[in-house]
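Reviewing the structure listed below.
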Amino acid sequence: MATEQAEKQGANGEVDEAQIQEQLGIEAGDTTFSLELSQDQQDIRDWAHGFAEQTVRPAAHEWDEKEEFPWPVVQEAAKIGMYGFESVAQFWADPSGLTFPIVNEELFWGDAGIGMAIFGTTLAVAGIFGSGTPEQMVEWVPQCFGDENDVKVAAFCASEPDAGSDVSGYRTTAKYDEANDEWVINGQKAWATNGGIANVHVVIASVDRELGSRGHAGFVIPPGTKGCEQGAKVKKHGIRASHTADVHLDDVRIPGSCLLGGKEKLDERLAKAKEGKSAKSQAAMRTFELSRPTVAAQAVGIARAAYEYALDYAKEREAFGKKIIENQAIAFTLADMKLEIDAARLLTHRAAWMGKTGKDFDNAEGSMSKLKAGEVAVWTTERAIQILGGNGYSREFPVERMHRDAKIWTIFEGTSEIQRLVISRAISGVHIQ
Ligand SMILES: Cc1cc2nc3c(=O)[nH]c(=O)nc-3n(C[C@H](O)[C@H](O)[C@H](O)COP(=O)(O)OP(=O)(O)OC[C@H]3O[C@@H](n4cnc5c(N)ncnc54)[C@H](O)[C@@H]3O)c2cc1C
């Protein structure tokens, strides 16, 4: 054995990998597992990073202070092909599933409020993709984005004033007017990203209250529909460049064709639900699991931004005659920040890859990624403030904004408690309350 090993080593003792691979029957480049990004993924990442660094980051403070929707920045994004139907389709097309999370991480590294202003539309687009027919996708998705000369946004309206986590509590109703082949929607939606400023609103409404969440359906509200109005705009703790508002739906009449998935499919689904079948909606759970890694990647981007800022600061700032990073208390914190961010990214990429390659989310891996990344973003940004000391608490430095922004990642798209509920149910098979 020792002689064999010696033979595999050259005169200087180096291992001849090619020879070992040949003996083991491994062809060059034949790897079954790799964490390396492809050249295409690296190129898109660098391009997204450039936009985040040169356009998004310099605008972050201004739009956070103004608390207004940054239309000029979204227009810039549309001009370079970061925002729009084609680009999002291209990001999604990557068979590994990683490109969209990668782009999200870079954009939200630039700024989370502006990032949400740019990618909030994809929530509505995901709603259309999740339940719409191919014809509905072709008709409505381009109208969600507009084009570079006339940029539009879209809103996904599910949450209500009295029902966020508890989706079975939605009170918004949709009634079918058979004589006119129209749906009539009434209710109030809360916290809608882009609510009221959107060209297209995707609304979740109850068509049969007795069936709880199984009696829900998704509807597209076309641009300019009467009765669909913005309510109060929410003044927020963070992501203040992103527009969040109530949406009032008063006798909103829409064509029958605006029911996502179509009437026939809805009737079939309702009939099954009434018979007590399909009580457990695997399809709905899969939809959430698929979208969560993208949301997780946004949180990873915020955490990374705060970590990088704090690392640079710690290498410059002096106290007691030395750089503050020379203290273990600071250096170990930075080590933990880096560790947590990388762990969150690995969970995120795993879940994105599982979704795209059709793997079952047996342990709710999508929820795992969102839970971990959201909590890492909150913890990391808080630590960054601590490392910057008084400056960290000042609006002159960006980490306090990052901390305010990060908090929403443990609340929207399923709170941390709801993610834990989903994971614990998935791993146990027990209906944990
Ligand atoms: C900035 C922002 C943007 C948003 N954008 C959108 C959007 O575009 N579209 C949309 O539809 N919604 C949106 N939301 C709404 C968001 O998804 C909800 O706020 C979120 O789902 C939580 O619902 P809730 O606020 O009603 O909290 P609640 O459901 O009332 O929860 C309150 C607390 O109780 C906990 N809790 C509830 N149930 C349980 C349980 N069973 N076990 C343990 N803990 C529990 C929760 O985790 C939370 O801590 C947005 C919200 C914000 C703040």
Side-chain angles (χ1 to χ4, degrees), residues 63-64 67-69 108 111-128 130-131 144 153-172 185 187-198 200-206 212-213 216-219 221 228 230-249 284 287-288 291-292 294-295 298-299 302 364 367 370-371 374-375 377-378 401 404-425 430-433:
W63 293 99
D64 174 61
E67 208 163 350
E68 281 173 18
F69 190 87
F108 284 72
D111 179 57
I114 295 177
M116 189 52 67
I118 294 173
F119 276 164
T121 291
T122 60
L123 292 172
V125 170
I128 298 172
S131 329
C144 290
V153 294
F156 181 73
C157 311
S159 305
E160 299 190 358
D162 296 320
S165 308
D166 180 9
V167 298
S168 64
Y170 293 165
R171 292 191 186 157
T172 299
I185 303 184
Q188 185 181 337
K189 293 294 176 182
W191 308 104
T193 300
N194 298 337
I197 62 166
V200 171
H201 290 79
V202 174
V203 168
I204 306 299
S206 174
S213 59
H216 291 171
F219 298 87
I221 314 286
C228 175
Q230 180 183 314
K233 180 181 168 183
V234 183
K235 283 179 153 266
K236 302 196 297 292
H237 178 62
I239 57 164
R240 300 198 306 182
S242 168
H243 172 96
T244 315
D246 285 355
V247 173
H248 296 285
L249 302 153
T287 308
F288 285 129
S291 63
R292 284 181 177 150
T294 306
V295 181
Q298 298 167 352
I302 304 168
S367 293
K370 198 272 181 179
L371 171 61
E375 301 216 327
V378 173
R401 186 183 69 244
R404 286 188 284 109
D405 291 345
K407 185 57 196 158
I408 191 61
W409 268 263
T410 66
I411 298 172
F412 67 8
E413 294 284 310
T415 64
S416 286
E417 291 76 17
I418 295 301
Q419 310 298 339
R420 287 193 168 88
L421 203 62
V422 173
I423 298 164
S424 57
R425 284 177 184 172
V430 176
H431 193 74
I432 314 283
Q433 297 294 311

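One-based numbering, in listed order, for ligands and for the atoms of each.
For Glu160 (side chain) and Arg171 (main-chain N/O), a donor-acceptor pair under 3.5 Å exists by modelled atom type. With hydrogens and angles ignored, the 3.5 Å screen pairs no side-chain donor or acceptor of His243 with any backbone N or O of Ala117. Between the side chain of Ser131 and the backbone N or O of Ile128 there is no donor-acceptor pair closer than 3.5 Å. Under a 3.5 Å cut-off, the side chain of Ser242 and the backbone N or O of Gly113 do not form any donor-acceptor pair. When atom types are taken as modelled, the side chain of Asp405 and the backbone of Gly238 share no donor-acceptor pair closer than 3.5 angstrom. Under a 3.5 Å cut-off, the side chain of Thr415 and the backbone N or O of Ile418 do form a donor-acceptor pair. Formation of a donor-acceptor pair under 3.5 Å by the Lys370 side chain with backbone atoms of Gly414 is found in this model.
When only non-hydrogen protein atoms are considered, atom 24 (P) of ligand 1 lies nearest to Gly164 CA, 3.9 Å. For atom 13 (C) of ligand 1, the nearest non-hydrogen atom of the protein is Trp191 O, 3.2 Å. Looking at atom 38 (N) of ligand 1, its nearest protein heavy atom turns out to be Ile418 CD1, 4.1 Å. For atom 41 (N) of ligand 1, the closest non-hydrogen atom of the protein is Leu421 CD2, 3.9 Å. The nearest protein atom to atom 9 (N) of ligand 1, hydrogens excluded, is given as Phe156 O, 2.8 Å; this is a heavy-atom distance. For atom 19 (O) of ligand 1, the closest heavy atom belonging to the protein is Ile411 CG2, 4.1 Å.
Put simply, atom 43 (C) of ligand 1 has protein non-hydrogen atoms near it, under 4.0 Å away. At a distance under 4.0 Å, no protein heavy atom can be found next to atom 34 (O) of ligand 1. For atom 26 (O) of ligand 1, the nearest protein heavy atom lies under 4.0 Å away. In this structure, atom 31 (O) of ligand 1 has protein heavy atoms in its sub-4.0 angstrom surroundings.
Ring planes of Phe108 and Trp409: perpendicular class, angle over 60° (limits at 30 and 60°).
Of the N or O atoms in Gly414, none lie within a sub-3.5 Å distance of an N or O in ligand 1. For ligand 1, the polar-atom distance check against Glu160 finds no nitrogen or oxygen pair separated by under 3.5 Å.
Of all the atoms in ligand 1, the ones that sit under 4.0 Å from a non-hydrogen atom of Thr415 are 22 (C), 46 (C), 47 (O). Per-residue contacts place Leu123 under 4.0 angstrom from the following atoms of ligand 1 (heavy atoms of the residue considered): 8 (O). Every atom of ligand 1 with a heavy atom of Glu417 under 4.0 Å away is listed here by number and element: 43 (C), 44 (N), 46 (C), 47 (O), 49 (O).
Counting heavy atoms under 4.0 Å from ligand 1, residue Ile408 touches it through the side chain alone. With a 4.0 Å cut-off on non-hydrogen atoms, Thr193 touches ligand 1 through its backbone as well as its side chain. With a heavy-atom cut-off of 4.0 Å, Lys236 touches ligand 1 through its side chain alone.
Taking all atoms of both residues into account, the shortest heavy-atom contact from Ala205 to Phe219 is CB-CE1, 4.0 Å. In terms of heavy-atom proximity, Ala158 sits nearest to Ile204 at CB-CG1, 4.0 Å. Residues Trp63 and Ala241 approach most closely at CB-CB, 3.8 Å, considering heavy atoms.
Among residues two or more places apart in sequence or in another chain, the side chain to side chain donor-acceptor pair (under 3.5 Å) test is passed with Thr244 by Lys236.
For atom 28 (P) of ligand 1, the nearest non-hydrogen atom from the set Ser165, Ser159, Ala158 belongs to Ser165.
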